[in-house]
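To keep things clear, I will list the structure first and then write my remarks on it.
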Amino acid sequence: MKNHYNIEWRKEKCINAFDCGKCLEVCPEAVFAIYAPNREEGIPPTEYIISPAMQYFCNGCGACLDVCPKDAIKLTPKVKAE
Amino acid sequence: MCKICTMHGGGKKWFEVKRHVEVKYAKEMGFEPWEKDHWHYVHQQYAQLAAQAGDAMADPALAENIRKLLTDMIFQIHPLTKDVTFTFPQGHGAQVLTRQELEGVIKLSGEPYLVECLCRKMINNASDRCCIPLGLHGETAEMFPSKNEKVERISVDEAIALTRQFNKDGRVHTLAGTPLPMAMAVCNCELPFCIALRPRVDMGFKYIIRSHWVAKVDVDKCSGCQECLSRCQFGAIQFQNSTERAIIDMWKCYGCGLCAETCPEKAIELLDRESLPALKDWW
Ligand code: SF4
Ligand code: SF4
Ligand code: SF4
Ligand code: SF4
Ligand code: SF4
């Protein structure tokens, strides 16, 4: 079961991703990746992005949805063309 | 010879060449900016590249093209100039190593550091001090900004003790070019959270090549205890019920040696890949 879901991470809903990070911890397929888009040397970043980088491997287990306190992740099954 | 040794080894294995772990040589070659940019940007670039690669996987022809493109990038001969700039994964090819080989590299370098694995931080929000960057790679290390981030300089003995512990824990040892031919990024990886092993094993992107070894079970010695089964991260070992023996699919084996180390009967032998006509070009 691969390539079955589209995942959307909604920035405006997510609380500080770096301090929470629960979705990262629970995903059995290592789908998410967190990064700081604007980093400057020696200064802690203020903005973090969670990218569903490996959404190709999402198995639809729903663990990230259950654990997210802010309902920031949206899972949509891909419609298969067959 | 694997392709990294062929390109960079000059008759030796690429990680046995002294200058490939030397800070002085890396600086002379102008690799310092590459190292710094690597630590600084690799998260961001991984996230973006992985998303693209994932999308490409849905289209087999596109995936194949991207695989080719990336492999060329990773294994290109690096322009040895003072202004090498970092484009992930340019020059960042890697190889699976056995514990013994890794200990050799650590000794050769003599300058191990200990840092948090940036992959596990990034993918799993876990603080896992399992990466042992050597020389300039450790000197330039900049952690993903976490509250207790710390780059530690450790002794060779400590690094070797850690390596053995990681081996016990079932971690696969890998060594990456920073960039090739420098042999300074040592990691003790775990699927699926390693951002290098994952695209290789699950998506066919050849950032990491197999080790110089292939594991084989001696059926006369194997007692069928099944100890080795859970050691293989690559799904290469199966237990055959009818004969009550372990069998290894040599095509799936990455040659990490974890199974051989754990076998109480010493029934698993690591064969030199190049002595096996069928597998000598299977990296
Ligand atoms: S549904 Fe499960 S597999 Fe998919 S992203 Fe969420 S936790 Fe990961
Ligand atoms: S679990 Fe939800 S709130 Fe927490 S980091 Fe993930 S998306 Fe953000
Ligand atoms: S080598 Fe593997 S475990 Fe280490 S930081 Fe890189 S990807 Fe992570
Ligand atoms: S079969 Fe043994 S040597 Fe080969 S990849 Fe699995 S654990 Fe490593
Ligand atoms: S650990 Fe050794 S003896 Fe036990 S099943 Fe594996 S190969 Fe056989």
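Because only heavy atoms are used, hydrogens play no part in the values below, and waters and symmetry mates are left out as well, while side chains stay in.
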Within 6.0 angstrom of B:K168 NZ, more than 12 heavy atoms from elsewhere: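 Open.
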Exceeds 12 heavy-atom contacts within 6.0 angstrom, atom CD of B:Q238: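 Not buried by this count: 12 neighbours or fewer within 6.0 Å.
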Contacts of type side-chain hydrogen bond (donor to acceptor under 3.5 Å, both in side chains), residue B:H38, not counting sequence neighbours: none
Partners meeting side-chain hydrogen bond (donor to acceptor under 3.5 Å, both in side chains) with A:K11 (sequence neighbours left out): A:E47
Spacing of NE2 belonging to B:H43 relative to OH belonging to A:Y48, to within rounding of 0.5 Å: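 With rounding to 0.5 Å, NE2 (B:H43) is 10.0 Å from OH (A:Y48).
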Proximal to chain B - members of residues 20-28 of chain A, heavy-atom separation under 4.5 Å: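 Listed by number: A:C20, A:G21, A:L24, A:E25, A:C27, A:P28.
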Minimal non-hydrogen separation, B:R198 against A:E29, with atom names: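 The answer is NH1-O, 2.9 Å.
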Exercise: identify the closest heavy-atom pair between A:A30 and B:F193: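 The pair with the smallest heavy-atom distance is CB-CD2, 3.8 Å.
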Option that, when pairs with chain A are counted at under 4.5 Å, heavy atom only, ranks first among B:L49, B:D55, B:I123, B:L191: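 Most heavy-atom pairs within the cutoff with chain A belong to B:I123.
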Heavy-atom pair count under 4.5 Å with chain A, highest-scoring of B:E142, B:Q52, B:M203, B:Q44: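 Looking at each option in turn, the highest pair count goes to B:Q44.
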Residue-level contacts of residues 61-75 of chain B with chain A, using a heavy-atom cutoff under 4.5 Å: none
Select one option (side chain, backbone, both, neither) describing which atoms of [X] are under 4.5 Å from chain A's heavy atoms.
| X | answer |
| --- | --- |
| B:D202 | both |
| B:Q48 | side chain |
| B:A47 | both |

